[in-house]
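These notes concern the structure reproduced below.
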Amino acid sequence: MWCFLLYCALCFPGLLCTLPAATHQPLHEYSDGDVIIGGLFPIHLQPNRTFPSSSHVSCNEYNFQQFLAAQMMIFAIKRVNQRRALPNVTLGYDVYDTCGDVSLAMRMALKMSIDQLDPQCGLLPGRKPSSAPEPRVKAVIGEGSSEVSIAVARILTLSSIAQISYAATSELLSKKAKFPTFLRTVNSDVLQTKAMAELVKTFNWETVGIVGSDDEYGKYGSDGLVDQFNAMDNVCVDFMFILPAHLDLSDSNAQKQLTELMDTIGNSTAEAIILFTRESNVKLVLEAAIQRNLNRTWIASDTWSKSSDIKELPGIEAIGPFFGIAFKSHIVEGFADYVSSMVEEKSSNPLWEYHKLNHPPCQSAPQEKLNCSLTASQCMETRCLVHYIFWDLSLNIYLAVEVIVNALSSLMKCDREKCQQNTSFTAYELLNEIKNVDITLNDTHIVFDDNGDPMLGYDIVAWNSPSSGTIGEYLPGGKITLPGLPPNLVAKMANVTVTAFNCSKTCPAGQELMKNGCCKHCIVCSEGHFSPEIGTQKCRMCEEGKYSPLKRDRCMDKKHKFLEWNNPFIITLSVFIIIGIAATVMVGVILVVNRGTPIVKAVGGYLCFLELFSLLACFCLSFTFIVKPSPLSCITGMPLFVIAFTLCVSCVLANLLQILVCFTFSQNMGRGWLKKVNQPPAVVAILFGVQLVLCSIWLACFPPSLHREPHKKAFKRNCDPTSKALFCAVLSYVALLAIVSFIFAFKGKKLPDLYKNASFVTIGMLLVLVVWIIFIPVYLFGDGVYTEAIKAAAVLVSSYSMLCCHLVPKCYIMVFRKELNDEKAITDYIRNHFEQKGIDVLKS
């Protein structure tokens, strides 16, 4: 909307004349000359709009510092004329009081550049010649605030008039695509935020709060600070609060926001509060903080770091120390004397007349009774006004005048006698000369970069602290030096870990500081970590093979966890292993004694000795599962057991196959080709050979290995099959043989079996299948020291099933029922079996 109004004002300059006169015109001073330099200064800080129309404006809050800033520009121009820096050229000035208001400043900028407008309402490009008259204002110094400077820059850019600000620091103004004619003799906020971040780092403040404002200065500065702190590892932004651009306590919303800010600061853990906003806002904030007695460390931005009004607030010494970033300052020689002389002199100067009207000179008081604190319309002692000079602002304004003078001298080719060219140059030509200026004044070197920014550094100031005044400096690209502070103070602050506001604590051994937001709390070190000393900031990880106990104050060696021999479960398993070995040996002795009898032949003959050997091996291998796991026990345990148990099942299956072929097939199909499979040695060799090949591949390619599984306080030692696929394959093969044996045994229950061989084998195979169906998932997915012991139990149950269900019943007959161990008894039993079924049996 305002762009449209600006366009109308530019195209119809008569509109400027139709505006009704303001009830109280802002201050204005003009001095004629060959070249006019414009000046925009917020001599009053706030406008007072009594009507909706922007034309009825009066100005409030007369500011001594800005009044003196305007006087510095006038003083510098007068000095240039006096020393004849431009021999045959006189500089004039056109100074306006903007009242810190954007609309007023835009109106004044239009007045300075209005002659540049084309009669056909076209803007004259600075690069091309034009018949339109050039404005006498060739350059403008000001304004002080970024918000106003941005608006003014948009106006002056239309006429290519150079604008040099002495205090506008917003980084937005560095964008030359938007503000090509803007330059400044003060650092950009980009450098200021870096300086503040370095200050926070130097003093080891770990948590900060940021208070900005809803204008170009506060908005971009606050965002820049957040970016700087986010890039730092040890600084946390506890909060960022944005105030209105002009905080007015007559507005209920503004009062509510100020109350909310005070509550935020009061509840905050921030050690330092950065106030990145204009001085008028800061004054209200600190007055509220004094009422709340909010004691913090306060960091000032360049707009108020040297404000005497802030320093003199009643009770400010009670709310904590202040540190600030301030423009580099040097005393401009002769200016203080000039101010003193103008106070006493009767002058028609409009600005001085206004000042003396509001603050007439008082009768001189003795030096020891000098009091320069004033209220409105109070007289001022002659010597007091000098105390309100901001030497940093004054230096920046003085530099701006000298930059313009140096550019004019170069443009007009001036020497000590005269300037070779007249003043008919364009504002655009002067702008280009200003961009190329490179001068040094009072040890201050100024040259503009491509963004129109200098690199001047900052002073570090302090009050309400161990030292007051300028305590150090920050140079671009360098660190802060603080020679003005007491020795070792910075080093002591850098080592402070506990403050009243950052929630930091000195943690006991076994704990560390962790952040919850910006606040730190002591928490117990996590498992496997420890902190051995009081005040340790970070827990350390235990070395491999160690663990931290419950107190987390040290690390201890992990023990190897496995079942010892004195464990009841291991003792029980050992007893059953020994009994199994003894029983196997006893069965072997009985079979050897009765090796020629029919019952030994009925259970496989010599194959029963092979079966007995494999069972003995199974019982012996059970020890490998209950001893302390080792690489040897892992390689020999399960693979050798599977091989031995496969041999046992193969012998049983060959025996069952022999019985089925002899009885079933002989009746139904005669002596056909199926009888050819009744070759027990070949059956055993083939079935056993397949398993032998599988286990050989397993041991050769993926042998089982000792696995140390880390637990909280120990390593659990167990055997890892390495290849679960091959492990499942060999067990599945055993299960397949057991299933086939079970089927054959179940079918054999209908055959004439004097010794109930098939019935017992059916039970035995069923037990083997159930045990391994339960064992396999426990072994593969189980966790704990009992895994290996469960494996031993499965091996024992399988071995006992085969021994007790296949061989032990035959031993019972051989020892206690010898009458059944006879060929005649067997033949009679078979004949009776078939006769009961009506089948004739031939005698041999």
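Basis for what follows: all heavy atoms, side chains included, without hydrogens, waters or symmetry-related copies.
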Do [X] and [Y] touch side chain to side chain, with heavy atoms closer than 4.5 Å?
X: Asp309; Y: Phe64; value: no
X: Phe239; Y: Val237; value: no
X: Leu68; Y: Phe75; value: no
X: Met412; Y: Asn422; value: no
X: Leu156; Y: Val140; value: yes
X: Leu104; Y: Cys99; value: yes
X: Val437; Y: Val447; value: no
X: Val405; Y: Ile77; value: no

Backbone N/O of [Y] and side chain of [X]: donor-acceptor pair under 3.5 Å:
X: Gln255; Y: Leu249; value: yes
X: Asn451; Y: Lys176; value: no
X: Ser170; Y: Leu172; value: yes
X: Asp214; Y: Pro244; value: no
X: Ser222; Y: Lys219; value: no
X: Asn81; Y: Thr90; value: no
X: Ser145; Y: Val148; value: yes
X: Asn396; Y: Val186; value: no
X: Thr303; Y: Thr277; value: yes
X: Asp251; Y: Leu247; value: no

Any donor-acceptor N or O pair under 3.5 Å, side chains [X], [Y]:
X: Glu433; Y: Ser410; result: yes
X: Tyr30; Y: Asp32; result: yes
X: Ser301; Y: Tyr217; result: yes
X: Gln65; Y: Ser308; result: yes
X: Asn187; Y: Gln192; result: no
X: Glu143; Y: Ser149; result: no
X: Asp215; Y: His246; result: no
X: Trp352; Y: Gln71; result: yes
X: Asn60; Y: His44; result: no
X: Asp248; Y: Ser250; result: yes
X: Ser146; Y: Arg184; result: no
X: Asp453; Y: Ser174; result: yes

>> Tell me whether the count of non-hydrogen atoms from other residues, nucleotides or ligands lying under 6.0 Å of CG in Asp450 goes above 12.
In response: no
> Got more than 12 heavy atoms from elsewhere within 6.0 Å of NZ, Lys435?
Replying inline: yes
> So, do Phe67 and Tyr388 have ring centers that fall under 6.0 Å from each other?
Replying inline: no
> Are Trp304 and Phe276 close enough that their ring centers fall under 6.0 Å?
Replying inline: no
> Does the cation-pi check pass for Lys328 over Tyr458, that is, NZ or CZ under 6.0 Å from the six-membered ring centre and within 45° of its axis?
Replying inline: no
If every non-hydrogen atom of [X] is compared with every non-hydrogen atom of [Y], which pair is closest and at what distance?
X: Ser394; Y: Ile389; result: OG-CG2, 3.5 Å
X: Pro454; Y: Phe448; result: N-CD2, 4.4 Å
X: Asp392; Y: Ala326; result: OD2-CB, 4.4 Å
X: Thr181; Y: Ala153; result: OG1-O, 4.4 Å
X: Gly38; Y: Val137; result: N-CG1, 3.7 Å
X: Asp97; Y: Pro42; result: OD1-C, 3.7 Å

>> Checking side-chain contact (heavy atoms from CB on, under 4.5 Å) between Met240 and each of Val226, Ile274, Val211, Thr264, which is the one that passes?
In response: Val226
>> Between Lys178 and Glu171, does any NZ, NE, NH1 or NH2 come within less than 4.0 Å of an OD or OE carboxylate oxygen?
In response: no
> Given Ile74 and Leu351, is the side-chain contact (heavy atoms from CB on, under 4.5 Å) satisfied, shown in steps?
Replying inline: CA-CA 11 Å; Ile74 295 172; Leu351 295 183; 4.2 Å; yes
With rounding to the nearest 0.5 Å, note down the distance linking [atom1] in [X] to [atom2] in [Y].
X: His330; Y: Asp459; atom1: NE2; atom2: CG; answer: 7.5 Å
X: Leu40; Y: Ile43; atom1: CG; atom2: CD1; answer: 10.0 Å
X: Ile150; Y: Leu173; atom1: CD1; atom2: CG; answer: 4.5 Å
X: Leu393; Y: Leu395; atom1: CG; atom2: CG; answer: 9.5 Å
X: Leu225; Y: Lys194; atom1: CG; atom2: NZ; answer: 12.5 Å
X: Leu275; Y: Ser305; atom1: CG; atom2: OG; answer: 11.5 Å

> How far apart are the C-alpha atoms of Leu183 and Gln163, what are their side-chain angles, what is the distance that settles it, and do they pass the side-chain contact (heavy atoms from CB on, under 4.5 Å) test?
Replying inline: CA-CA 6 Å; Leu183 304 98; Gln163 176 188 359; over 6 Å; no
>> Go through it in stages, so that I can follow the logic: the residues are Phe425 and Lys138, the test is side-chain contact (heavy atoms from CB on, under 4.5 Å), and I'd like the CA-CA distance, side-chain angles, deciding distance and then a yes or no.
In response: CA-CA 9 Å; Phe425 56 84; Lys138 299 295 185 181; 3.9 Å; yes
> Is there a side-chain contact (heavy atoms from CB on, under 4.5 Å) between Phe327 and Trp391 once you walk through the steps?
Replying inline: CA-CA 9 Å; Phe327 303 134; Trp391 287 112; over 6 Å; no
